[in-house]
Amino acid sequence: MAGTWVFVEQRDGNVRKVTYEMISEAKKFGDEVCAVIFGKGIEGLAPQFAKYGADKVYVVEGDVFAQYNTGAFVAQMAAMIEEYKPNAVLFAHTFNGRDFASRLAQKLNAGLATDVIAAEISAGKGVFTRAIYAGKAFAKVEVTTQPILATVRAGVFEVKENPAAGEVIKPAVVATQANVYQNIIEFKPTVSARPELTEADVVVSGGRGCKGPEGIKLVEQLADLLGAAVGGSRAAIDSGWLGHEYQVGQTGKVVNPTLYIACGISGAIQHLAGMSSSKFITAINTDPEAPIFNVADFGVVGDLFKVIPVLCEELKK
Ligand SMILES: Cc1cc2nc3c(=O)[nH]c(=O)nc-3n(C[C@H](O)[C@H](O)[C@H](O)COP(=O)(O)OP(=O)(O)OC[C@H]3O[C@@H](n4cnc5c(N)ncnc54)[C@H](O)[C@@H]3O)c2cc1C
């Protein structure tokens with residue numbers, strides 16, 4: 001068994017940055033690195049993976065792969081693993097990546113490390129660091145079955161250019177419509193000019209302290225001046241001030257930006273689970289005892305309705 005495979009996370013030909021992060025990191029393990037892409041009309045994407053170090057690109061085209069669906073993707077990947085025998089397969093720790101990797105692990109009876117933030121992979125052994133207890137502690141887990149499977153958190157590994165051959169390989173397509181047991185009837189993406197929450201370099205989030213849509217508007221203004229994504233605590237989401245897709249935390253999205261600005265968010269453990277690995281954390285909160293200040297690099301004890309407008313004015317200068 002040889003080679004580290006990286007499953008390409010893409011939708012409609014838009015490749016998520018975490019794919020390049022995984023390819024760049026995989027180079028460190030000294031083994032052959034292969035990108036694996038499933039989709040329809042995606043062959044043109046193949047050359048871009050070579051730039052970051054893909055020695056080979058497995059391209060699997062077909063109608064059945066037009067949208068992510070568990071049955072067909074698992075059947076196809078399992079057949080390819082059987083044929084090519086990679087040492088490890090990495091997936092993005094996204095909703096689809098989590099679904100895919102866990103179902104594949106079950107089918108192959110293989111070990112899976114999830115939400116990985118550091119990895120060491122050698123022949124037959126993968127040692128991974130992952131956050132546990134909502135980010136309060138870190139566990140090192142060893143996967144000893146083959147292939148080694150892992151889902152990787154976005155934003156933890158650096159993207160590095162490292163040109164490689166990128167030889168395109170077209171494996172036999174074995175998945176058919178018979179493997180599809182749920183159809184996506186309609187897909188409506190949220191249209192936003194802001195960066196995608198899990199990939200943004202800066203995230204500005206609002207919590208219950210925003211007190212309503214007016215406070216959230218201030219958060220959005222600050223985000224737009226910084227070219228940032230908007231996020232929210234569950235309290236803000238449950239109050240209906242932001243859609244569910246904005247929730248950061250244990251039951252929402254995990255973000256890992258360079259800068260996370262928490263506005264009117266107390267810092268409950270379930271919220272920290274989604275943002276505590278941000279490189280720099282800033283908090284605006286009226287309560288100096290708020291737990292968010294325990295993880296903040298920089299904090300403003302103050303009323304967000306006063307602090308954010310001043311910040312916005314400064315940023316406009
Ligand atoms: C199983 C489970 C899963 C959960 N998953 C998540 C999750 O994924 N994400 C998540 O966020 N939560 C999650 N929660 C909820 C979590 O426990 C907290 O209830 C939630 O994060 C609190 O949101 P908040 O910080 O906005 O509100 P609060 O805790 O009410 O904090 C509001 C903060 O705003 C400050 N404030 C008030 N007025 C102002 C002002 N004018 N200016 C500045 N600051 C002000 C206050 O001092 C306070 O610190 C989960 C809970 C459970 C049980």
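Index from 1, following the sequence. As the structure lists them, so they are numbered: ligands from 1, and atoms in each ligand from 1. Quick caveat, the model's predicted, so the values are computed rather than measured.
- With no hydrogens or angles considered, a side-chain donor-acceptor pair links T258 and D201 at under 3.5 Å.
- The closest side-chain heavy-atom distance from L90 to T4 is below 4.5 Å.
- Taking a heavy-atom cut-off of under 4.0 Å, ligand 1 is surrounded by G207, R208, G209, K211, S233, R234, A235, Q247, V248, G249, Q250, T251, G252, G264, I265, S266, A268, Q270, H271, I284, N285, T286, D287, G302, D303, L304, F305.
- Side chains of Y68 and D99: a donor on one and an acceptor on the other come within 3.5 Å.
- A continuous path of ILVMFWY side-chain contacts below 4.5 Å connects I121 to V141, so both sit in one hydrophobic cluster.
- Between E196 and K253 there is a side-chain heavy-atom pair separated by less than 4.5 Å.
- Checked for salt-bridge contact, K17 and E199 miss the test: no charged N lies under 4.0 Å from a carboxylate O.
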